[in-house]
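What follows is a single structure, written as structure tokens, with notes after it.
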Amino acid sequence: MELFLDINSDLPLYQQIRNQVILGLAEGELRNHETLPSTRQLAADFGINFHTVNKAYDMLRQEGILSVNRKTGAVVAIQSPPDFRGRWRESARIWLAEAVVKGLGKDEILAECEALMSAFCQPEPE
Amino acid sequence: MLPILVVNLVTVIVLNAVYGLVPLLTHDTLQYGVRVPPAHTDSPAIAAARRGYYRLWLVLFLVTVAVTAVLDTVSPPMTASAGVLLATLVVTLLLNYGNYFLARRRLLTAKETESWYKGVVETIVADTAVHRTTQGPSLAWGIPNLAVTLCAVVIPALRYQSLPATIAVHFNAAGMPDSFATKSFGSVFGSAMTQVVLFIALVVIHLSLGRFSVRLNPANPGASRARYSTIVREGVKAVWVLFAFINAGTLLMLLPLWGIFAHNETVLGIAGTVLIFCGVAVCILWMARAAQGNRHVDEAARKSRVVARDDDRYWIGGMFYFNTSDSGILVPKRFGVGVTFNFGHPVAWILLLAIVAAAIVIPRLVS
């Protein structure tokens with residue numbers, strides 16, 4: 001999977017890496033149990049500091065997307081913690097509320113969601 | 001030995017040839033060390049810089065070859081030859097670097113005045129699978145080198161007992177021994193040990209290929225991945241072949257030192273030198289062919305707004321990479337094929353010091 005980082009974006013590089021890994025998983029470009037490069041290797045390929053990649057991997061690990069250890073390196077290991085649905089609903093509520101506030105109608109929002117969802121395939125959780 | 005004039009001239013010609021060849025091997029988006037967005041690879045400024053570069057290159061070629069020939073002719077044979085060779089090589093290198101520097105400066109000016117990076121999205125890209133999918137060549141490419149290295153160890157080992165207490169270690173242009181040393185492990189096996197160390201170093205580099213940084217072009221990652229893969233595969237093969245030739249040439253020249261064909265040192269010297277030059281020529285042509293793949297920007301990439309980030313500022317003088325924010329220790333060269341150190345990374349300095357220390361210590365240890 002190719003990860004593209006916009007170096008002049010307002011979004012920090014580690015956040016961009018985290019987002020693209022999740023998008024890659026949802027779109028099937030990256031699969032569960034797939035190995036990712038080590039933090040130093042990925043940073044060297046980007047030409048950035050390894051702390052940036054470390055931060056992204058750390059986020060993904062805390063979110064139950066990645067398993068990182070000395071023996072196996074960084075491996076995609078999707079886990080759904082019990083409180084995930086509640087936390088996700090809270091985030092989605094804010095995003096939807098923002099759309100409503102900006103004047104998008106319910107049908108428009110649902111159509112957008114439908115279009116976005118059509119690009120995703122469901123990864124198998126552990 | 002070949003007449004020293006010929007050796008010096010051929011070396012200077014090869015060095016100039018490399019500088020003439022390099023601009024024809026680099027990617028369209030990296031002209032004379034300057035990062036160029038794909039939409040500007042056809043800029044008249046680049047064509048003008050190229051014309052200027054090759055005009056001056058031709059002048060430098062003729063001047064350095066002529067000066068080398070004159071210096072070799074007027075300097076006393078052998079005594080000054082090493083100094084002349086070194087001086088002409090250094091001057092040829094510096095002059096060609098100056099030519100590159102001028103072309104680079106012209107392009108940097110054009111890039112700034114024409115705002116080549118205006119309206120593009122500077123992007124960096126990495127492929128999470130590239131280190132798993134890029135296959136280096138088989139280690140079997142090291143077998144010819146291993147065979148020559150083993151010969152360099154076995155032959156002196158078999159001859160050691162029969163060698164006299166004092167052995168010839170250097171022969172003059174007429175093929176007569178002009179330097180002697182007491183028979184010792186160092187004087188007999190010195191060259192063999194250097195070849196063994198070199199062989200081990202090449203195996204380590206071969207096995208570490210997967211760890212090198214892979215810098216892809218965001219405008220067309222697929223093409224740059226294919227280019228990287230070809231250059232790595234063919235480059236490693238070419239280096240193995242180069243060192244097999246160099247070691248075989250050295251072995252031929254050393255045979256008289258071990259008392260084999262002791263009266264044919266002139267012929268062996270010529271054969272060995274020719275073999276080494278053949279290896280250099282084969283390696284250069286091999287690399288030149290490999291670097292042609294995916295060198296040009298295609299139409300889709302030309303229209304892309306997503307381009308590689310402008311990293312010119314990290315290249316001091318267009319030659320030395322210094323980026324403390326880059327975790328890469330070895331990065332692709334800016335002008336040429338292969339890798340160079342990131343001098344902004346402390347480990348690069350440690351590696352560099354280790355190489356220099358090894359180059360100083362190993363020859364002293366074996367002698």
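Proteins come first, then strands; the chains are lettered A, B, ... in the order of their sequence lines, and each starts at number 1.
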Practice task
Answer yes if the side chains of B/W240 and B/H206 hold a donor-acceptor pair under 3.5 Å, and no otherwise.
Solution key: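 Judged by distance alone, the side chains do pair up.
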Practice task
May I ask you to check whether B/R302 and B/T41 show a side-chain donor-acceptor distance below 3.5 Å?
Solution key: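 Note: B/R302 and B/T41 side chains meet the donor-acceptor criterion.
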Exercise for the section: Among A/A43, A/A44, A/G24, single out the residue with the greatest number of heavy-atom pairs under 4.5 Å to chain B. Expected result: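 Going by pairs under 4.5 Å, I would pick A/A44.
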Problem - A/D45 with B/R215: basic N within carboxylate O range, under 4.0 Å - result: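 Salt bridge absent between A/D45 and B/R215.
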Practice task
Kindly say whether the aromatic ring centers of B/F322 and B/Y314 come within a distance under 6.0 Å.
Solution key: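 No, too far apart.
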Tell me, out of [options], who's got the most heavy-atom pairs with chain A below 4.5 Å.
{"options": "B/D311, B/D127, B/T128", "answer": "B/T128"}
{"options": "B/R225, B/H131, B/R309", "answer": "B/H131"}
{"options": "B/L330, B/V125, B/I329", "answer": "B/V125"}

Report which part of [X] has an atom under 4.5 Å of a heavy atom belonging to chain A: side chain, backbone, both, or neither.
{"X": "B/V214", "value": "both"}
{"X": "B/V130", "value": "side chain"}
{"X": "B/R132", "value": "side chain"}

Handout entry: Steps toward side chain to side chain contact (heavy atoms under 4.5 Å, CB included) verdict (A/I48, B/D326)
Key = CA-CA 4 Å; A/I48 58 177; B/D326 185 346; over 6 Å; no
Problem - Aromatic ring pairing B/W116/B/H40, orientation class (parallel under 30°, perpendicular over 60°, tilted between) - result: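 Correct class here is parallel.
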Problem - Portion of A/I17 that has a non-hydrogen atom of chain B nearer than 4.5 angstrom - result: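 A/I17 has no heavy atom closer than 4.5 Å to chain B.
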